[in-house]
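Okay, structure first, notes after.
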Amino acid sequence: MYHLITKGLVKVWLRKLIKQGVLVAPTELAGGDVVFKEAFTPENVLLKFKKPLYSVKSYFLPQEETLFTFHDSSVNTLEEVYDEFPRIFFGLRPCDLKAITQADRFFNEGFQDAYYNHRRKQTLLMVIGCNNPDNNCFCHTMGIGPFYKDGADIFMVDLGHSFAVTAQTPKGTAAVEDYSYLFEKAAEEDEEDIFFEENSALSRLNFNMPQNIKLPDFTKVDDGFWEKASRRCFSCGSCSYVCPLCFCYNVVDRQNKASQGKRVRTWDSCVFEGFTRMAGRHNMFKTRQDRLKKRFAHKLYQYPETYGYPGCTGCGRCTVTCPGNIGMMSMIKQLAEEVSTDGKK
Amino acid sequence: MAKNELAPKAARIMNITRETSDTKTFTLVFTNPADQDAFNYRPGQFVEISVLGVGEAPISITSSPSRKGFLELSIKRVGQLTETIHALSPGSIVGIRGPYGNGFPFEDVNGDNILFVAGGIGLAPLRSLINYVFDNRRDYGDVKILYGSRNSGELVFTGELDRWSGMPETEVLVTVDRGDEYWQGNVGLVTTLIPRIKLTPESYSAFVCGPPVMIPFVIKDLLKLGFREDKIISTLENYMKCGVGKCGHCLLGGKYICMEGPVFKYSQMKDLGFG
């Protein structure tokens, strides 16, 4: 069930909610780029915005995160460091949402990551359906879609004059009901408008990539395909950094001259040569080709086996950032092409 | 203070045995007796050892869980962290977390004859299982141990190799890749020992541990002899950093080796794209 809030009142609502935590929302930088950023007042928060350059991954798995501190190398002085800031995320897109709910699974299945969970339990996720996917978007082929909302505390749809809002969790319900005077009930034609917006977004996405695109059997993709792709790979790692579903990290100890130290984890990337290099220089993924193949195999083939969906949300950020044009969208298209030309090459 | 699993626990170095010019075996005991009591492991599992400020590395446990109250790690000096550990003396405190990994499936091979093939420092994880087998001698059949290293100076656990060769129904063969004036034993790769043992492959399980270049050759020879693929058990020693299946460094064929491995049957290794 949807409620309506006029756009003029959204910032009034956010001003109320901001008392419960730090607001993280799409904000325009001086050069025109849009990023998710802490907003101390809702004044500069964008209600209509293009896709932020980066996902909100860094708020859940920071680029560098302290696990614990110590001094004089002594294990007995070890103190764990947790981030328990409550945060309100406004303006997430369905692709951002899916990445968070997948991180919930990843960081809790098999081993429960206390650092992730401390951050995550203090969040409110306010997701806005994606009326205007851009040219690099293909979430509809990755098992989600422009109005995917599973796991959002609050899901909203931009109807021009106002937002249709639905709360899906107790936290989300409280955030709406506590300020119910800001909302009115949605009418039947509003529901029709939502349906219309979703369909027009979907048709735009279908223009980017056909929804029923099929990947070939991975074992049948010959090494020549990866060799060709790897010639354009710089091993820069930017695809991993911008990917909302890349969670691999490195662990490093740092110590200053006063013998105060900390163990941190930092983002890492499977396309780096050192990622799998061991003592004695033994490396199972020595060439760029091996690493690229492993990266795409993990996201497109092994992820579905493990989780039932790909390790990609179709956000298209790797397409934007990759200097060699081997982002996920073009690779999926080329892989699909491999089937149709199979045997004819 | 409830420590999460990524924070290591303090362990004291009780004893250091020099095995070779670059390998030492460290005997460790957790400083908190409760940590020591709670530390239960299987042969083939590993720990993450820390020197805070320098870093952390995965090291397989070389002691057998059948001998309680302490933990032994054989560490080869190969990098910055292991260099630091080698410079420590008895009484020093290190950080330990674990145990991690699946360990050897010793229950599955109950009643089998057992062949161990080790190369270099690869004897360290096997030593845990070998001593476990000898401590539970009645559960297992004949034992054959083949061990090779680059030269005589790099042989580890030489005293124990002698002790094992004196055990009933046990054969131990040792070789070095390159002989020298002090060495009077076998010369050649460890694979040259395989034709020299007499065994009926169908009654045997084989455990293979060693440098990555060695393992495929040994497995190939064992298959040729008639070993079953699910009776050849080896380890995939990928780079393991977190030990809990999150950091991604050990990922192979969609599997986190630190969680689902490092011990695999050859039949499983093939599925992961090995060899």
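Residue numbers begin at 1 in each chain, while the letters A, B, ... track the order of the sequences. Heavy-atom basis, side chains included; hydrogens, waters and symmetry copies ignored.
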Legend entry - Residue pair A:A114 / B:N4: nearest heavy atoms and the distance that separates them: CB-CB, 3.9 Å

Inset, instruction - Give, for atom CZ of A:F247 and atom SG of B:C247, the distance between the pair rounded to the nearest 0.5 Å. - result: 14.0 Å

Legend entry - Within 6.0 Å of OH in A:Y54, more than 12 heavy atoms from elsewhere: no

Inset, instruction - Could you tell me the separation between the CE atom of A:M278 and the SG atom of B:C250, rounded to the nearest 0.5 Å? - result: 10.5 Å

Inset, instruction - Could you tell me which portion of B:V213 (side chain, backbone, both or neither) has an atom closer than 4.5 angstrom to a non-hydrogen atom of chain A? - result: neither

Legend entry - From A:Q302 atom CD to B:L251 atom CG, the distance as rounded to the nearest 0.5 Å: 6.5 Å

Legend entry - chain A contact via B:V51 - which portion, at a heavy-atom distance below 4.5 Å: backbone

Legend entry - chain A interface, residue from B:G95, B:G55, B:A11 that has the most non-hydrogen pairs under 4.5 Å: B:G55

Inset, instruction - Heavy atoms only: give me the nearest A:D253-B:V54 pair and the separation to one decimal. - result: OD2-N, 3.6 Å

Legend entry - Max heavy-atom pair count under 4.5 Å with chain B, selected residue of A:R277, A:Q112, A:R254, A:E305: A:R277

Inset, instruction - Check whether more than 12 heavy atoms from other residues, nucleotides or ligands sit under 6.0 Å from atom CZ of A:R105, and answer yes or no. - result: yes

Inset, instruction - Locate the shortest heavy-atom distance separating A:A279 from B:V78; write the atom from each residue and the value. - result: CB-CG2, 3.4 Å

Inset, instruction - Kindly check if the number of other-residue, nucleotide or ligand heavy atoms within 6.0 Å of NZ (A:K228) is above 12? - result: no

Inset, instruction - For A:F85, look at atom CZ and say whether over 12 heavy atoms of other residues, nucleotides or ligands are found less than 6.0 Å away. - result: no

Inset, instruction - Write down the atom of B:G53, the atom of A:Q255, and the distance for their closest heavy-atom approach. - result: CA-NE2, 3.8 Å

Inset, instruction - Count the heavy atoms belonging to other residues, nucleotides or ligands that lie under 6.0 Å from CD of B:E229, then report whether that count exceeds 12. - result: yes

Legend entry - Among A:R263, A:H298, A:K294, A:K262, residue most engaged with chain B (heavy-atom pairs, under 4.5 Å): A:R263

Legend entry - Residue A:S259 versus chain B: region with a heavy atom under 4.5 Å: neither

Legend entry - Contact class of A:F70 relative to chain B, heavy atoms under 4.5 angstrom: side chain

Inset, instruction - Test B:H249 against every option in A:T276, A:V251, A:N250 by the side chain to side chain contact (heavy atoms under 4.5 Å, CB included) rule and name the one that passes. - result: A:N250

Inset, instruction - Measure distances from A:A297 to the heavy atoms of chain B and classify the residue's part below 4.5 Å as side chain, backbone, both or neither. - result: neither

Inset, instruction - Count the heavy atoms of every other residue, nucleotide or ligand shown that sit under 6.0 Å from OH of A:Y241, and state whether that count exceeds 12. - result: yes

Inset, instruction - Give a yes-or-no answer on whether the side chains of B:Y239 and A:N283 include a donor-acceptor pair shorter than 3.5 Å. - result: no

Inset, instruction - Starting at CZ of A:F285, measure out to CG of B:L252 and round the result to the nearest 0.5 Å. - result: 5.0 Å

Inset, instruction - List the atom of B:G248, the atom of A:C248, and the distance in Å for their closest heavy-atom pair. - result: CA-SG, 3.5 Å

Inset, instruction - Determine yes or no for a side-chain-to-main-chain donor-acceptor pair under 3.5 angstrom, with A:S73 supplying the side chain and B:L52 the backbone. - result: yes

Inset, instruction - Would you indicate whether A:R232, at its atom CZ, is surrounded by more than 12 heavy atoms from other residues, nucleotides or ligands within a distance under 6.0 Å? - result: yes

Inset, instruction - Would you give the length of the straight line joining atom CZ of A:F107 to atom NZ of B:K246, rounded to the nearest 0.5 angstrom? - result: 7.5 Å

Inset, instruction - Apply the test side-chain contact (heavy atoms from CB on, under 4.5 Å) to residues A:F111 and B:C242: give CA-CA distance (whole Å), side-chain angles for both, the deciding distance (0.1 Å), then the verdict. - result: CA-CA 11 Å; A:F111 170 77; B:C242 73; over 6 Å; no

Inset, instruction - Could you go through the side-chain contact (heavy atoms from CB on, under 4.5 Å) check for A:F68 and B:L6 one step at a time? - result: CA-CA 9 Å; A:F68 51 79; B:L6 295 180; 5.6 Å; no

